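Beneath this line is the structure, given in structure tokens, with notes to follow.
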Amino acid sequence: MSKLNELTIAQAADGLDKGEFSAVDLAEASLAAAEAAKGLNAFITLTPEVARDRAAASDARRAKNGALGPLDGVPVAVKDLFCTEGVPTTAASHILDGFTPTYESTVGRNLIDAGAVMIGKTNLDEFAMGSSNMTSYYGPVKNPWTGPGGEDLVPGGSSGGSATAVAARICAGSLGTDTGGSIRQPASLCGIVGMKPTYGRCSRWGIVAFASSLDQAGPFARTVEDAAILLGAMAGHDPKDSTSAPHDVPDFRAAVQGGVKGLKVGIPREYTMDGMPAEIQTLWDRGADWLKSQGAEIKEVSLPHTKYALPAYYIVAPAEASSNLARYDGVRYGLRVDGDTLDDMYANTRGEGFGAEVRRRVLIGTYVLSAGYYDAYYVKAQKVRTRILEDFTKAFDDVDVLLTPTAPNAAFAIGAKMDDPIAMYLNDVFTVPANLAGLPGISVPAGLDKDGLPLGLQLVGRPFDEETVLRAAQAIEDAAGFDALPKYLGGQG
Ligand code: GLN
């Protein structure tokens, strides 16, 4: 049998049911793996006490033949953007120093109710702003995959710690958030599965807000089935979030096995990008062939406004961020840096508390919302957003799901692209449109590039049709048979 921390969620749940090991055994294995992986810097806070308590409680429920949840006894890691009752929550920012929430996010609560065992809070880009985990106040996360010259690579971002925790087999599942690609892009760069559900599928209540009209929580896992199990536990209507959808949660796990026979798969022409490595195009073509050979019909579609998605995102997201981050004023949360006047205290606190990328976003956001520029930038970007949604709506008249690459590149070296924000922002060129349109998307590991680094393929579906997305993702997973291991686990020959 593999080591307990190397089991998938489905395997761990099955082994618990059969009494092969206990939840405490699983938690200890994950905690030990987390300790051994300290050098990857995937966690900001480990929570061994919480893990041991919840694991023991799960074992006790099982011993008494009590009601069990779908994740009962399964260890998970939680992005440190989710408020956790009694456990520090930092958003990887200095400004939240000392902030310990007295409440649990709704998604976190749903996981607790499903029996999950939190082992810790994972590292991320500060306030989830980034594509490489380089903007964290707590330092960069290392991808378990290593570059061809042995160099350390970024795991992607912003949910880099959550992706690394799963890719390094510390735990089988973790929580992320995705505002413009922060689940799907790190999943692609770390060789695992990551899913952004439809906007409104998971409650945003108790998640530190970045851009409220784009943020969505979602799962990381090593298999599509595991992602489906996690999503099923996370999702559901929440009266505390007015944008949470009043929809029933389907049986996502059952949907995974649906197959793709007769499914119409769209290939958006505009996603062929200049300068994209040839191997990504090749992998994308192969992905289409895989689906076709399993009975899907492949059709080219057009999403003509794709090229405006990234510019529109980098107006809308900073605008919302500048407004959301106004609450960090040295009075209500975390850090306070005193000054001679109240205004000085605000300025000192925000100047010292926020890192450079967050300050850049607040400045851009304030600028595009200011009286003289509101119509020129913000209103224009909102109009573009509507066009992008219309493109998708039209495409989904003809096809059931779209297949694209997840990211235009594999993992890159720690420190690369840091002096070129535009190059950094390009990481999200294929993921951002689904956020602007609120659509569900998933990244599935599909192959390796010439340097032996993982590449993902993305599937995007109709609103609230995660089931079709999962079916198609399972078909890609089956055909790709991705089983390569990162250097950290003895792979990469
Ligand atoms: N990389 C994008 C950004 O920096 C997306 C981040 C995210 O999805 N949280 O805004």
Side-chain angles (χ1 to χ4, degrees), residues 79-82 91-93 122-136 140-141 154-163 174-190 194-197 199 202 204 207-220 309-325 354-365 368 381 385 406-409 411-412 416-418 420-443 456 458 460:
K79 185 178 186 178
D80 204 13
L81 199 65
F82 290 79
S93 182
T122 58
N123 203 345
L124 65 151
D125 280 298
E126 186 178 2
F127 284 105
M129 297 175 190
S131 307
S132 63
N133 222 114
M134 292 296 293
T135 71
S136 169
V141 175
V154 301
S158 65
S159 314
S162 283
S174 61
L175 298 190
T177 61
D178 189 312
T179 303
S182 279
I183 293 175
R184 290 160 289 157
Q185 184 256 11
S188 179
L189 272 51
C190 290
M195 182 166 198
K196 180 196 95 73
Y199 183 79
C202 292
R204 290 182 298 105
I207 302 174
V208 176
F210 164 10
S212 306
S213 76
L214 301 160
D215 298 343
Q216 219 357 243
F220 285 100
L310 211 50
Y313 173 85
Y314 275 100
I315 291 172
V316 173
E320 294 186 18
S322 72
S323 150
N324 272 326
L325 270 54
F354 290 140
E357 182 62 24
V358 174
R359 292 201 302 271
R360 182 188 350 249
R361 308 262 182 134
V362 169
L363 287 174
I364 295 173
V368 300
R385 188 172 182 180
T406 306
N409 47 257
F412 45 92
K417 306 185 200 232
M418 286 306 282
D420 186 352
I422 306 278
M424 190 65 97
Y425 293 172
L426 262 178
N427 268 286
D428 298 317
V429 63
F430 300 137
T431 47
V432 148
N435 297 80
L436 289 170
L439 306 174
I442 194 168
S443 178
Q458 174 180 233
V460 174

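Ligands are counted one by one from 1 in listed order, and the atoms in each one are counted from 1 as well. Everything quoted here is computed from the prediction, not taken from an experiment.
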Could you tell me whether Tyr425 approaches ligand 1 through its side chain, its backbone, both or neither, with non-hydrogen atoms closer than 4.0 Å?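 Tyr425 to ligand 1: no contact under 4.0 Å from either part.
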
Does the residue Ala317 have a heavy-atom contact with ligand 1, meaning some pair of atoms that are separated by less than 4.0 Å?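 The answer is no, since Ala317 has no heavy atom less than 4.0 Å from ligand 1.
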
Contact check, Arg361 vs ligand 1, heavy-atom distance below 4.0 Å: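 Arg361: in contact with ligand 1 (<4.0 Å).
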
Do you see a donor-acceptor pair shorter than 3.5 Å between the side chains of Glu320 and Ser213?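 There is such a pair between these side chains.
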
For residues Ser162 and Ser174, report the shortest heavy-atom separation together with the two atoms involved.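 Between these two residues, the closest heavy atoms are O-OG, 2.9 Å.
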
Looking at every non-hydrogen atom in both residues, tell me the closest pair between Ala163 and Phe220 and how far apart they are.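 For Ala163 versus Phe220, the nearest heavy atoms are CB-CE2, 3.8 Å.
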
Polar-atom distance check: [X] versus ligand 1, any N or O pair below 3.5 Å?
X: Ser131; value: yes
X: Gly180; value: yes
X: Gly181; value: yes
X: Thr179; value: yes

Numbered atoms and elements of ligand 1 in range of [X], under 4.0 angstrom, heavy atoms:
X: Ala128; result: 6 (C), 7 (C), 9 (N)
X: Phe210; result: 9 (N), 10 (O)
X: Tyr314; result: 1 (N), 2 (C), 3 (C), 4 (O), 10 (O)
X: Ser158; result: 9 (N)
X: Gly130; result: 1 (N), 2 (C), 3 (C), 4 (O), 6 (C)
X: Met129; result: 4 (O)

With heavy-atom distances below 4.5 Å as the criterion, would you say the side chains of Gln216 and Cys202 are in contact?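 Side-chain contact under 4.5 Å: yes.
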
For [X] and [Y], indicate whether the former's side chain and the latter's backbone hold a donor-acceptor pair under 3.5 Å.
X: Glu126; Y: Phe354; answer: no
X: Asn435; Y: Asp215; answer: no
X: Gln458; Y: Phe430; answer: yes
X: Ser159; Y: Lys79; answer: no

Using the side-chain contact (heavy atoms from CB on, under 4.5 Å) definition, which of the options Asp428, Thr431, Leu214, Val432 pairs with Thr179?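 Result: among Asp428, Thr431, Leu214, Val432, Leu214 is the only option passing the side-chain contact (heavy atoms from CB on, under 4.5 Å) with Thr179.
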
Take Asp125 and Ser158, measure what side-chain hydrogen bond (donor to acceptor under 3.5 Å, both in side chains) needs, and give me the verdict at the end. CA-CA 5 Å; Asp125 280 298; Ser158 65; 5.1 Å; no

Among all the protein's non-hydrogen atoms, which is closest to [atom], and how far away is it?
atom: atom 6 (C) of ligand 1; result: Ser182 OG, 2.9 Å
atom: atom 10 (O) of ligand 1; result: Tyr313 OH, 2.6 Å
atom: atom 2 (C) of ligand 1; result: Asp428 OD2, 2.9 Å

